[in-house]
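Residue numbers count from 1 along this sequence. On a predicted model such as this, the values are computed, not experimentally measured, just so you know.
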Amino acid sequence: MEPIEQALLDFFILAARKDETLLMQLRKTHTFTIDETRWCFTLPDLYGFIKNYSKVFTTIDYKQFRQLLYNSPVNEFIKQHDAKIIITDNRGNINESGYALSWIDNS
């Protein structure tokens, strides 16, 4: 696995685990919504955040980021941590649609 792919998986695994440091950083951006059940984002906002979060993402542009995300096994990995990525607002355009990392309540 390429370092950038691993960095993407590591980022989403932290989010799936509800890593408090990461969630605090996400809350500070004011472009995301986070509640007890999910973290909501758009892909452009996620790209803007993640390229500042880790230097490895500054090596790719937005289009490459989208391709990396869609070709990655993120959902497979975060499912192991009781989370999944869902579409929350399908606007017929991946750049305008809303997504969420949803924490699954298994209680």
Quiz item: Got a second to check how far Leu43's CG is from Asn95's CG, nearest 0.5 Å?
Solution: 7.0 Å
Less than 3.5 Å apart, which donor and acceptor atoms pair up between the side chains of residues 71-80 and the rest of the protein, not counting sequence neighbours?
{"residue": "Asn71", "atom": "ND2", "partner": "Gln67", "partner atom": "O", "Å": "3.2"}
{"residue": "Ser72", "atom": "OG", "partner": "Leu69", "partner atom": "O", "Å": "2.9"}
{"residue": "Asn75", "atom": "OD1", "partner": "Ile85", "partner atom": "N", "Å": "2.7"}

Quiz prompt | Contact check, side chains of Leu46 and Tyr99, non-hydrogen atoms, under 4.5 Å | solution = no
Practice problem: Might you work through the side-chain contact (heavy atoms from CB on, under 4.5 Å) test for Arg27 and Leu23, ending with a clear yes or no? | Solution: CA-CA 6 Å; Arg27 283 184 183 104; Leu23 294 182; 3.6 Å; yes
Quiz item: Atom CG in Leu26, atom OG1 in Thr33: separation rounded to 0.5 Å?
Solution: 11.0 Å
Under 3.5 Å, side-chain donor or acceptor atoms of residues 4-14 against the rest of the protein: list the pairs with distances, not counting sequence neighbours.
{"residue": "Glu5", "atom": "OE1", "partner": "Glu2", "partner atom": "N", "Å": "2.8"}
{"residue": "Gln6", "atom": "NE2", "partner": "Asp10", "partner atom": "OD1", "Å": "2.8"}

Quiz item: Going from CG on Asp19 to CD on Gln25, what distance comes out if it is rounded to the nearest 0.5 angstrom?
Solution: 8.5 Å
Quiz item: Residues two or more places apart in sequence or in another chain: which of them pass ring-ring contact (aromatic ring centres under 6.0 Å, His included) with Tyr47?
Solution: Tyr62, Phe65
Quiz prompt | Closest contact, heavy atoms only, Ser97 versus Gly92 | solution = OG-N, 3.8 Å
Quiz item: Does one hydrophobic cluster hold both Tyr53 and Met24, with members joined at side-chain heavy-atom distances below 4.5 Å?
Solution: no
Exercise. Report the relative orientation of the aromatic rings in Trp39 and Phe41; use parallel for angles under 30°, tilted for 30 to 60°, perpendicular for over 60°.
Key: tilted
Quiz item: With sequence neighbours excluded, what pairs up with Ser54 under the side-chain hydrogen bond (donor to acceptor under 3.5 Å, both in side chains) test?
Solution: none
Practice problem: Quick one: which residue pairs count as a salt bridge (charged side-chain N to carboxylate O under 4.0 Å, His left out) with a foot in residues 34-61, not counting sequence neighbours? | Solution: none
Exercise. Could you tell me whether the side chain of Trp103 and the main chain of Ala16 form a donor-acceptor pair under 3.5 Å?
Key: yes
Self-check item: With Thr88 via side-chain hydrogen bond (donor to acceptor under 3.5 Å, both in side chains) - residues at least two apart
Solution: none
Quiz item: Nearest 0.5 Å, what's the CZ-NZ distance between Arg66 and Lys63?
Solution: 7.0 Å
Practice problem: With rounding to the nearest 0.5 Å, note down the distance linking CG in Leu101 to CD1 in Ile104. | Solution: 9.0 Å
Quiz item: Should we count NZ of Lys18 as having more than 12 external heavy atoms under 6.0 Å?
Solution: yes
